[in-house]
2 protein chains.
Amino acid sequence: MAGPGRNIYLKMKTLDEARGIWTDCVSGLRAPEEKIRSVRALHRVTSRPVTADRSVPHYHGAAMDGFAVEARNTFGASDANPVRLELGGKAFPVDTGDPLPEGTDAVIMIEHVEQISEGEIEIRSAAFPWQHVRKVGEDIVAGELLLPRQHRLRPADLGALLAAGKSEVWVRTRPLVWIQPTGTELIPAERAAEAGPGEIIEFNGTVLAAMVEECGGVPELKRIVPDDYDGIRRAVLDAVDSPAGVVLINAGSSAGSEDYTAAVIAELGEVLVHGVAMMPGKPVILGRIKGKPVIGIPGYPVSAIMAFEQFVRPLLHSVQGIEAPAFATVPAILGRKMPSKLGLEEFTRVILGEVEGRLVAMPIQRAAGIITSLTRADGILQVPQEQEGFNEGEAVSVRLLRPADQLDYTLIMIGSHDNTIDVIANELKTRDSRVHLSSSNVGSLGGLLAVRRAQTHFAGSHLLDTDSGRYNYPYIERHLGGTSVRLVKLAMRQQGLLIRKGNPRGIDSIAALTRPDVSFMNRQAGSGTRVLFDYCLRRAGISPESIRGYEQEEFTHMAVAVSVLSGRADAGMAIYSSARALDLDFIPVSEERYDLVVAESAWEDFKIRYLLDVIVSGEFRRRVSAMGGYDVTDSGRIMGVWDGTRWIERAE
Amino acid sequence: MAGPGRNIYLKMKTLDEARGIWTDCVSGLRAPEEKIRSVRALHRVTSRPVTADRSVPHYHGAAMDGFAVEARNTFGASDANPVRLELGGKAFPVDTGDPLPEGTDAVIMIEHVEQISEGEIEIRSAAFPWQHVRKVGEDIVAGELLLPRQHRLRPADLGALLAAGKSEVWVRTRPLVWIQPTGTELIPAERAAEAGPGEIIEFNGTVLAAMVEECGGVPELKRIVPDDYDGIRRAVLDAVDSPAGVVLINAGSSAGSEDYTAAVIAELGEVLVHGVAMMPGKPVILGRIKGKPVIGIPGYPVSAIMAFEQFVRPLLHSVQGIEAPAFATVPAILGRKMPSKLGLEEFTRVILGEVEGRLVAMPIQRAAGIITSLTRADGILQVPQEQEGFNEGEAVSVRLLRPADQLDYTLIMIGSHDNTIDVIANELKTRDSRVHLSSSNVGSLGGLLAVRRAQTHFAGSHLLDTDSGRYNYPYIERHLGGTSVRLVKLAMRQQGLLIRKGNPRGIDSIAALTRPDVSFMNRQAGSGTRVLFDYCLRRAGISPESIRGYEQEEFTHMAVAVSVLSGRADAGMAIYSSARALDLDFIPVSEERYDLVVAESAWEDFKIRYLLDVIVSGEFRRRVSAMGGYDVTDSGRIMGVWDGTRWIERAE
């Protein structure tokens, strides 16, 4: 549909095409130059070659603490034939940096001298001419090239500038970037507490401003303008007439009825690209008005960041005369199959961790609107447009979102979700700021399978065997043949029905779920909670078909809680702490055991040691108890040692 | 000698010992915490875990531009059986981010809808419930852990904070660092122009301040205090009583008669370490006064930087609750034998470049007082204390001083020194800011040998064959058997005698060098200038023994020029441009050819292409001609193609 007020992307470009067009358009632009004090020039980029005004040193000076002498007066000195020199006549005490007294040409280190009397020293080996002397120009010669142009100044460079008498230096100005948030739905971050439905807290502007700073630019974050053609037009005109060298408009870059950015740029200047075959980041607009680059940044936060990195980051460096540094990457093994569309450059967030000597990359949630998909990720895996995704186990190159030396410190957990995992993550970080727990919620059974595939250090599991009434053991026997693990108790926890505050539907037990006026939100098949719920239904003689919403599935306790809170369902089965977190009512149904299944190969790993220390600590027990619904008396107890064939040890 | 007022290092520690003592002393220190606005929190470190105040999204919203519907109204829709929905009743136009109208639970993308009339749309496939809907809490659930403590905030983290309603965040204050320059010989950088003998421009303070900034700290660079026990004592007391959390005293950390730092720290507090077996950086002092870390930083600039990196950098990170990121390293092959003392941790500056597919590291000048040994280096090679250096060709790990992706852009030149090389370096950088010319001056013959060992892309050579009067060809035939090279003319240049301005000794030709009142500074054996000088002597019938100073050697034209300027010698043989650079008089002796010897393996390399482009460019010729003493008519002409056995092509 292309009705009035809507504009479909003119012609989508591939990422390479868009980059080429953009580079051609902006590569000649340079920020103005300015002369600044060298002491303030850290990380600035030289706009002219710098030649030394002075030689360094500018006089012959002592390079050691000791005595200045004329070398030939020492010739012949030895242990057998020590030479004595008169202080003040033939030898002069000097400290490092002192100028050589007239007539001297060498320094003897203090350690190699014996003072015989007030007025005389003795030496036992000869000095050679210019020994331990810093000669004029040894470091820098006046007139020589000190630093080339287009050089980013590091701390030592500032020292060289000052030493050579350059108290000022010509550099590119830091590029000024106008950041224009647009959107009738946006409210400023300070008013977050008042946000109602349809109101979105403006935070992209702050993210973009921070990225501009990291590129050496100066961000100017402007007030929000509503989605109104004339208002946006006025703002863009103000921007291009301002001293700002680059203009970012966020968002209105898509094809919705209130997306005016492309039309405004087209009216005032030229749209070079609208829409790039990349994900996230597709609805980016690359334009130019009065010679200034004007970029329409997409509205979804991850899209905004990706579009910035692809098009604004290189620009902000090139206007300073340098190339943007390449992102650091590491080789990894993909832990899970990852399909991707041909013709689309995809940027997938992954967690990274070393499991059995291989760095494993696990893709996480993909939606471009999920800012935490970036803040919780360790890296980004780029799937080239000419490739239909990657297979499980394939070797890939992952761009790092945290320092490479921290990856050894990433502890991977895959499996069932529990709120105590947050507590563990935080306690680990407190013990050692480098230790980082990356967790992926795929349910208890998914966790066991990840252990089998050596994709995780440990799993969280609360799988009830409904025949025996025992937890986890039968599932390990069934699924982990050939894989050694240890089973560690984390906690007993309360499962039950979450219902809205005040119980408006009058739900009293799982029997009430069969009422036609009650809707339910279920957990996904394979999750421990689902197994438990089905077991409770069977025991109570209730058929799943009689429950409205039985087929609706969520993947975490908190997602179920949110469903109830928001009215999508009247009830859901989850742990007590999730009810408490969102202030819901809770009807206890059953207590269950939640265990950690630790891969034997990771058992001696220092991160697992930390983990075990944490879960037996008083602090952990105190915090978890405070959440309610947990019994942590036995936390850390080893419940079993499985060698891949049989239980070497078993607590039950 | 340990006379009054001098203090020898108490007891030198190894680097590991010193690190251990220091870590034990300071690891418990933390900068105070403060609550700041999240929009200003880039790169700050959280001091408390951050939990979300709000869910994100906080309402069910459209995830696409299109129409909100109730999914079950679309069931059964297909191409054969399109379904029509009334606008305003069963379907509502929505843009991304709009709240779902009451009664709807799915969004159909605009691309999949046909508008039949003003009031009706038609769809041809069913929507499933919650399709293209951003549900409450999908990104962030109120109460959950958003960021752990001790986390350094990145741009996306600021977005997550604001989205979750955290307009403020608890962070560690940036550590305040008092930087105290001491030294009677120091003058502030602004007064550089007035510096006389014995006066040293203070620039370490600025270097240290810049390094503090890079560690996330706030530097306070103080006025210089002279080398006076009481004055330094007062300054240190002021520092420890100030809000600064860390105190750096530069320098006076050595064992000279005016090195008071250790004594002052010992009087006011405690000296934990004085002297570490590292080079540069040995005379560092690690101390504590009133619980505050006080560090005596050595005076030589490279020593100061190394001591900072080893002891202050980790401290400034740990007080913020994080680990200092590891330095980036690359594997390389050592291009030249590098001896080092056992028991001493040595930090050697190297240049790095890829030659024939291997990254080659060439050690450069070592003196700790030479700031340009750092600014010109590509990396630092650390020789562990338990090792007696490295052999040529040994595999080593080199810490990078410039981005790894720039190493492909390093063009290595080894050989004879010429002032036009500075012009080339600058022109290359202008063409592509990444291209970096690293040159090492070892004389013409040393350059040819480096080409043979595949340690350089090209060499600079002006070796005269005194029998044939031809340049370079015979030397290539003699030394490059088995190695293919191309010989490219860079310039004809004027060699002659440099003498002091006004010619005070009345030198008129090389014959005057035999006079007893005239002293000479020679170039090293193997250099083209030495060969030429010896040739000129022979032709004139002068014996080397008759020249005073013939045995004194310098390694570059500029070093010879400095010797003459400073009065160490009355005359020296060098190129005209070096005389001009230091305003010396010049007596022409001979014109000679200076060629580039380019390894065949590098001939097609884009950096060599750039180099050849530069030397035929008008800009290069203009600049070199302006230096005087050069004839660049034929610059870039190929003088010969040598296949390792014979000349395939030869211009002469």
Side-chain angles (χ1 to χ4, degrees), chain A residues 1 39 42 49 59 65 95 97 99 110 113 115 134 136-137 139 141 143 145 148 150 155-160 162-163 165 167 185 189-190 192 197-198 200-201 203 206-207 210-211 256 258 301 321-323 325-326 369-372 374-375 403 405 422 425-426 429 433-434 558 562 566 581, chain B residues 1 39 42 49 59 65 95 97 99 110 113 115 134 136-137 139 141 143 145 148 150 155-160 162-163 165 167 185 189-190 192 197-198 200-201 203 206-207 210-211 256 258 301 321-323 325-326 369-372 374-375 403 405 422 425-426 429 433-434 558 562 566 581:
Chain A
M1 196 199 93
V39 295
L42 183 65
Y59 62 91
D65 295 326
D95 278 334
I110 188 166
V113 165
Q115 190 153 6
R134 296 198 70 207
V136 169
D139 192 349
V141 176
L145 180 71
Q150 313 203 153
D157 296 323
L158 305 187
L162 296 179
S167 57
E185 75 283 9
E190 309 84 68
I200 294 177
I201 298 166
F203 62 82
T206 296
V207 175
M211 294 177 85
E258 292 177 350
I322 53 175
E323 294 281 323
I370 306 291
I371 181 83
T372 52
L374 260 182
T375 59
D405 53 321
D422 285 353
N426 198 57
K429 201 95 182 173
S433 67
R434 293 167 298 189
M558 290 308 286
V562 165
S566 66
Chain B
M1 198 199 94
V39 294
L42 182 64
Y59 61 92
D65 296 327
D95 278 334
I110 189 167
V113 165
Q115 189 152 9
R134 297 197 69 208
V136 170
D139 192 350
V141 177
L145 179 71
Q150 312 202 154
D157 296 323
L158 305 188
L162 296 178
S167 57
E185 75 284 11
E190 309 85 68
I200 295 178
I201 298 166
F203 62 82
T206 296
V207 174
M211 296 178 83
E258 292 177 349
I322 53 175
E323 294 281 324
I370 306 291
I371 182 83
T372 52
L374 260 182
T375 59
D405 53 321
D422 284 355
N426 198 56
K429 201 96 183 175
S433 67
R434 291 168 299 188
M558 290 308 286
V562 164
S566 67

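Every heavy atom of this structure was used, including side-chain atoms; hydrogens, water molecules and symmetry mates were not.
The residue among Ala163(B), Gly137(B), Gly143(B) with the most heavy atom pairs within less than 4.5 Å of chain A is Ala163(B). Note on Pro155(B), Ala210(B), Pro49(B), Ala326(B): by heavy-atom pairs under 4.5 Å with chain A, the leading option is Pro155(B). Comparing Val562(B), Asp139(B), Leu42(B) by how many heavy-atom pairs each has under 4.5 Å with chain A, the most go to Asp139(B).
With a threshold of 4.5 angstrom between heavy atoms, Val141(B) approaches chain A through side-chain atoms but not through N, CA, C or O. In this structure, chain B has heavy atoms under 4.5 Å from both the backbone and the side chain of Val39(A). Of the two parts of Pro197(A), the backbone and the side chain both hold a non-hydrogen atom closer than 4.5 Å to a non-hydrogen atom of chain B. Looking at Val136(B), the atoms closer than 4.5 Å to chain A (heavy atoms on both sides) sit in the backbone and in the side chain alike. For chain B, the nearby parts of Ile322(A) are the backbone and the side chain; heavy atoms of each come within less than 4.5 Å. Residue contact with chain B, scored on non-hydrogen atoms closer than 4.5 Å, involves the backbone and the side chain of Phe203(A) alike.
Taking the side-chain hydrogen bond (donor to acceptor under 3.5 Å, both in side chains) definition, one finds that Asn426(A) meets it with nothing, sequence neighbours left out. For Ala156(A), the side chain to side chain contact (heavy atoms under 4.5 Å, CB included) partners at least two apart in sequence or on another chain are Ile305(B), Ile371(B), Leu374(B), Thr375(B).
Nearest heavy-atom pair across Leu162(B) and Ala189(A) is CD2-CB, 3.7 Å. For the residue pair Gln150(B) and Lys429(A), the shortest heavy atom distance occurs at NE2-O, 3.3 Å. Looking at every heavy atom in both residues, Ala192(B) comes nearest to Gly165(A) through CB-CA, 3.9 Å.
The distance from the OG1 atom of Thr206(A) to the CG atom of Leu158(B) is 7.0 Å, given to the nearest 0.5 Å.
Using a 4.5 Å heavy-atom cutoff, the side chains of Glu190(A) and Ser167(B) are not in contact. In this structure, Ile370(B) and Arg134(A) have side chains that are in contact, with non-hydrogen atoms separated by less than 4.5 Å.
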